[in-house]
Amino acid sequence: MKTMERNERAMASDSGNGAGTGKVVTRFAPSPTGFLHIGGARTALFNYLFAKHFGGDFLLRIEDTDRVRSTQPAIEAILDGMRWLGLDWDGDAVFQFARAERHADVARTMLENGAAYRCYLTPDELDAMRAEAQAAKKPLRIRSPWRDRTDGDPALPHVVRLKAPTEGATTIHDLVQGEVTVQNAEIDDFVLLRSDGTPTYMLAVVVDDHDMGVTHIIRGDDHLNNAFRQLPIMRAMGWAEPLYGHVPLIHGQDGAKLSKRHGALGVEAYRDELGILPEALLNYLLRLGWGHGDREEFTLEEAVELFDIKGVGKSPSRLDIKKLLNLNGHYIREADNARLAALIAGKVGPKADIDTLVAAMPVLKTRARDINELADGAAFLFKTRPLALTGDAEALLTPDARALLARISGLLKQESGWTTEPLEASLKGLAEELGLGLGKLAQPLRAALTGQTTSPGIFDVLVLLGRDESLARIDAQSVAGEQAAEL
Ligand code: GLU
């Protein structure tokens, strides 16, 4: 659909899913303290889809205010991961730390407005408050005595705190969670500016969301509590309030919070270690927590067209790597052969040749669930004689089996056509003649042809290797071959 039409759709107030009547702007705001993990990728995807569905903008903000834990490699991994998934953001990525002066300005405006105050509590006084809260088994919610004092000396060390509302309640009409209400008394006077004048994360997020014109904040539900702390800043500044959609986190198969053990890996690990295609990961993440009837497959374009945040469930979804791999196998089978060949060439090894890989791909790709498996499956094509045998293959090649290979070689040498049908007919004929199952013939043949005990179908292997190479590999392992080697 054209952007124009989408904009019209946004303007036409799509009631119920919160798009409103203006331009939709969403953002993905990862902290580069780690790589782009799977939950983050899904958050990015939902923000992308929501914005694009309404012809809006999807922005990227790198929340790099934690100077100790933020790293350049993590920033690059996040940008790479987004590009790999095809989640292109509009405009340039915004770097939060670079905007610290602006954040501090807002805190100063809030001081002037009376929405914030200077707090001169000393570390010892804070420790005492903490100890008191602990003794009373209550969470520490700071209401500083300085909230209402006017006799402080700004030349002395102090922080700037939010003067949080103390009465009433705040209700959020969350696009995913529904109505959520928190008593204002529960919101503490958290710090906006530290004693060294630097802004806190909580302040930076709100200022950036406002300045970037963000209309919809879609993020993990671990940030739901933050929304209630962020709203008072917006209200104090008289800024338009965004709509929120707090998406349940992804859990592991066992229902526990996602950890490394469950596959809480960076998306680059899904690409490199698990061999997942981007379209498979996108589709899997999309369906993890969102549904459109029982439809299973969507291109990114189709997902843009159909995405509706009302379809996001309230309960955490479970990551199922097996399901992801099955889906990946499906996408591998659908993928373009030349693309797959290019993807695996480097993994197959220095001898890999693209033309051979492309020619073999229709056969290879029917078997693989991931790109690494696909590369492993292709390796036999480029082995050099005499083939190194795996332990299993070695064990299969008993003297009897090697004698059988000599028979097979003799038979195949008379073969005039070298395509699967005649080869199959000949080998089946031999199996029958010898009173053996075809498997008994295929096993040593596979070992000789590939050096392994697993491979594509044996007739496909013969065809892919071609007549000369096939016969040479068989002869190298047959009794006759062994004798020749001994001479
Ligand atoms: N930087 C936060 C995170 O990575 C996200 C903050 C937000 O979306 O408001 O969890």
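Only heavy atoms go into these numbers, but all of them, side chains included; no hydrogens, no water, no symmetry mates. Throughout, residue positions are numbered sequentially from 1 according to the sequence presented.
Between F459 and W418, the distance separating the two ring centers is not shorter than 6.0 angstrom. Between F50 and F54, the distance from one ring center to the other falls under 6.0 angstrom. Annotation: W89 is not in aromatic contact with F28 [ring centroid separation under 6.0 Å not met].
A donor-acceptor pair is defined here as one N or O able to donate and one able to accept, closer than 3.5 Å; such a pair exists between the side chain of R295 and the backbone of E297. The closest donor-acceptor contact from the side chain of D64 to the backbone of Q96 lies under 3.5 Å. In this structure a side-chain-to-backbone donor-acceptor pair under 3.5 Å is missing from K347 to A375. In this structure, R42 contributes its side chain and L288 its backbone to a donor-acceptor pair below 3.5 Å. Within the 3.5 Å criterion, the main-chain N or O of T299 finds a donor-acceptor partner in the side chain of E302. Under the 3.5 Å distance criterion, the side-chain polar atoms of T450 are left unmatched by any main-chain donor or acceptor of A447. Without hydrogens or angle criteria, D57 side chain to L59 main chain gives no donor-acceptor distance under 3.5 Å. At distances below 3.5 Å, at least one donor-acceptor pair connects side-chain atoms of D353 with backbone N or O atoms of T356. Formation of a donor-acceptor pair under 3.5 Å by the S470 side chain with backbone atoms of L462 is found in this model. Formation of a donor-acceptor pair under 3.5 Å by the T215 side chain with backbone atoms of V25 is found in this model.
Ring planes of F46 and F307: tilted class, angle from 30 to 60°.
Of the listed residues (L277, L36, I321), just one forms a side chain to side chain contact (heavy atoms under 4.5 Å, CB included) with Y270, and that residue is I321.
Atom CG of L397 sits about 12.5 Å away from atom CZ of R446, to the nearest 0.5 Å. Rounded to the nearest 0.5 Å, atoms NZ (K323) and CZ (R318) are 12.0 Å apart. In this structure, the separation between CG on L465 and CD1 on I474 is 9.0 Å, given to the nearest 0.5 Å. Here the CG atom belonging to N47 is positioned 8.0 Å from the CD1 atom belonging to I309, to the nearest 0.5 angstrom.
A donor atom on one side chain and an acceptor atom on the other are not found under 3.5 Å apart for T33 and D66. Counting only N and O atoms by type, the side chains of T181 and T171 include a donor and acceptor under 3.5 Å apart. For D222 and H246, the side-chain atoms include no donor-acceptor pair closer than 3.5 Å. Counting only N and O atoms by type, the side chains of K383 and Q452 include a donor and acceptor under 3.5 Å apart.
Within 6.0 Å of atom CG in D336, more than 12 heavy atoms from other residues, nucleotides or ligands are found, so the atom counts as buried in its surroundings. Surrounding CZ of R69 are at most 12 heavy atoms belonging to other residues, nucleotides or ligands under 6.0 Å away. Taking a 6.0 Å sphere around NZ of K413, one finds it holds more than 12 heavy atoms contributed by other residues, nucleotides or ligands.
Of all the heavy atoms in F382 and L357, the pair that sits closest is CE1-CD2, 3.6 Å.
Salt bridge annotation for R27-D209: present, with a cationic side-chain nitrogen under 4.0 angstrom from a carboxylate oxygen. Salt-bridge check for R473 with E469: passed, with a basic side-chain N closer than 4.0 Å to an acidic carboxylate O. The existence of a salt bridge linking R407 and E433 is confirmed by a sub-4.0 Å separation between a basic side-chain nitrogen and an acidic carboxylate oxygen.
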